[in-house]
Amino acid sequence: MSPDKHSAAVPAPGAAPNGAPTSEAVGVCLIDGSTLACGAVERDGARIAVAGARVLELNHLVETTTRYRHPIFMDSDELTYTDPEGIAEGFRRLRDLERLRRPVLGIMPSELVTEVRTFGADNKKARNQRRLELLRRTHSANPHLFPRAVMLAERPLPDGRSITSLLYLRLDDLRVVGSQYEAASGGDFLGLVTSQRAARALLPTLPGVEEDRMTMLLDVGKCRTLFTVRDSRGRIYHDSIPVGLARDDMHYFSAITPSVEELSRVNDRIGSLLFPPEVTPSPLFLVRKSTAQIDCTRFALQIARFAKRALERATTRDEGNATKPPVLYFLGRSSRLPGLQQYLRSWVDHAFIRLDEAPPLGVDPVHGSTWGVVGDAVGVLGGGLAYHARAEDSFGLLLRDMDTAALSDDELDVKDLVEGTLYVFPRPLAKVR
């Protein structure tokens with residue numbers, strides 16, 4: 001099988017450049033429900049700075065999911081934007097405020113991207129076998145036979161083994177999100193970076209991240225939450241759930257406002273927006289019966305349960321190799337919900353740290369940016385760091401000027417796959433070998 005050059009109108013990643021300039025700036029934008037964020041991440045040699053980071057909360061949700069039902073296969077969801085003009089206008093307000101006239105990189109929502117990985121011997125035969133395993137896994141995870149895209153990466157481990165990583169996503173989701181950011185940026189659009197890649201780029205800058213210490217990064221948003229765990233062996237795991245302050249995995253909340261400030265005022269009036277940890281709200285199928293306390297508690301309960309599960313799963317994989325207690329970071333605009341930090345502590349026996357309590361090392365906020373604002377939209381910083389590190393690691397960067405290959409044959413040979421290329425599967429493959 002030989003990959004053909006593909007010219008579809010999608011952001012196209014590929015090989016990292018041979019060299020990068022010593023001074024460079026990139027604008028990064030994030031869309032998450034009714035929360036819009038943008039900022040510039042500047043690099044001058046070894047110095048990194050965040051400039052003009054701003055967060056804007058609209059007074060209505062700008063995205064939703066449409067569920068498609070299939071008579072045989074499982075149901076599927078598709079992300080749709082309900083107010084594209086409102087998003088573009090919001091970003092124009094943010095850019096004009098700080099004069100961010102830079103190329104723009106968008107953040108790909110975490111639940112639309114799946115990263116799978118496996119590790120083993122660092123030789124050609126073992127690497128090809130792992131590629132085959134991961135590709136077959138993605139093939140079986142596509143019951144609707146949607147056109148999809150995949151990207152491959154290999155990374156050596158300190159113990160002489162290596163990790164094979166594969167990301168895959170629906171081609172329609174890539175196009176929808178890419179076109180939205182392109183419209184919002186006024187055409188000055190570089191491409192996309194996955195939320196997972198942004199989190200991975202941020203991890204090494206966090207205080208307390210050590211070789212023999214487990215680290216969790218919990219990024220809570222309006223419509224989605226990303227859990228990133230680095231174990232004591234340097235392996236990184238991502239999990240994401242379509243749960244945020246405006247929605248859970250069953251419906252969008254109608255009883256609470258999209259604004260964190262408004263919820264803080266409600267919390268002051270009624271005493272607490274969260275039920276005690278021992279109280280579990282019943283699942284609600286009738287949205288009109290929701291209350292602010294029920295919706296907020298359902299949101300907090302799912303975040304806490306998944307945080308505990310993700311940490312336990314990573315600890316099991318780590319096989320007791322960690323010698324120090326884990327360090328947990330708690331980020332995202334929706335993490336400001338009053339009482340959420342204490343609620344999580346009741347489920348996970350370790351304290352969560354906010355970015356403004358332990359700022360990243362080697363990064364400076366300038367031109368009006370503060371760590372509180374950067375922590376509210378940490379994807380902006382992580383996306384910029386990932387872009388500046390693209391010469392060493394381009395996995396998860398879906399840039400317009402990179403290579404894309406369409407797999408037009410019925411048979412795929414894993415030996416033909418090249419790292420840093422986005423491979424597009426317009427239809428199911430008959431055989432993977």
Side-chain angles (χ1 to χ4, degrees), residues 30-37 55-67 75 77-83 86 109-112 218-227 239-310 330-348 352 354 375-377:
L30 182 150
I31 303 173
D32 180 21
S34 60
T35 300
L36 309 181
V55 176
L56 174 67
E57 285 196 289
L58 303 179
N59 58 7
H60 62 288
L61 290 172
V62 297
E63 66 183 58
T64 186
T65 53
T66 303
R67 174 156 290 192
D75 296 344
D77 295 332
E78 180 176 274
L79 177 70
T80 56
Y81 292 97
T82 58
D83 186 13
S110 55
E111 81 272 17
L112 300 184
L218 175 56
D219 186 3
V220 189
K222 194 62 66 67
C223 289
R224 54 190 58 89
T225 298
L226 177 66
F227 303 81
D239 286 300
S240 62
I241 55 175
V243 175
L245 190 54
R247 66 176 290 200
D248 62 11
D249 55 356
M250 296 182 64
H251 66 279
Y252 280 85
F253 298 143
S254 61
I256 59 179
T257 171
S259 168
V260 173
E261 286 79 11
E262 294 266 346
L263 286 174
S264 296
R265 287 192 282 271
V266 173
N267 183 79
D268 294 339
R269 288 200 305 269
I270 67 177
S272 176
L273 277 169
L274 299 179
F275 293 140
E278 62 272 13
V279 177
T280 302
S282 300
L284 289 178
F285 298 97
L286 296 177
V287 179
R288 64 180 180 273
K289 292 187 177 181
S290 293
T291 68
Q293 283 180 301
I294 290 176
D295 285 347
C296 286
T297 304
R298 281 174 54 81
F299 152 72
L301 180 63
Q302 292 185 76
I303 299 299
R305 281 177 170 171
F306 210 92
K308 182 177 181 180
R309 188 185 311 161
F330 184 52
L331 309 163
R333 178 70 170 162
S334 297
S335 68
R336 291 185 178 274
L337 178 71
L340 182 58
Q341 202 163 1
Q342 295 77 12
Y343 191 94
L344 285 173
R345 181 63 188 268
S346 69
W347 278 80
V348 180
F352 282 84
R354 290 192 58 84
D376 284 350

Under 3.5 Å donor-acceptor, [X] side chain and [Y] backbone:
X    : Y    : answer
T225 : V243 : yes
S346 : P277 : no
N267 : L273 : yes
D83  : L61  : no

- Side-chain ion pair, E57 and K222, N-O less than 4.0 Å: yes

- Query: Thinking salt bridges, do R333 and E261 make one under a 4.0 Å N-O criterion?
  - Reply: yes

Atom [atom1] of [X] and atom [atom2] of [Y]: how far apart are they, to the nearest 0.5 Å?
X    : Y    : atom1 : atom2 : value
F330 : D219 : CZ    : CG    : 10.5 Å
L56  : T35  : CG    : OG1   : 8.5 Å
L344 : F352 : CG    : CZ    : 5.0 Å

- Query: Is a side-chain donor-acceptor pair under 3.5 Å present for Q293 with T291?
  - Reply: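 Distance-only check fails for T291 and Q293.
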
- Query: Does a donor on one side chain sit under 3.5 Å from an acceptor on the other, for R354 and S335?
  - Reply: yes

Would you check if [X] and [Y] make a side-chain contact, meaning some heavy-atom pair closer than 4.5 Å?
X    : Y    : value
T297 : V279 : no
L340 : F299 : yes
D376 : V260 : no
I303 : Y343 : no

Search all heavy atoms of [X] against all heavy atoms of [Y] and return the closest pair with its distance.
X    : Y    : answer
A300 : L274 : CB-CD2, 3.8 Å
K308 : W347 : CD-O, 3.6 Å
G221 : S334 : O-OG, 2.9 Å
S240 : L226 : CB-CD1, 4.0 Å
L263 : C296 : CD2-SG, 4.4 Å
T82  : E63  : OG1-N, 3.9 Å

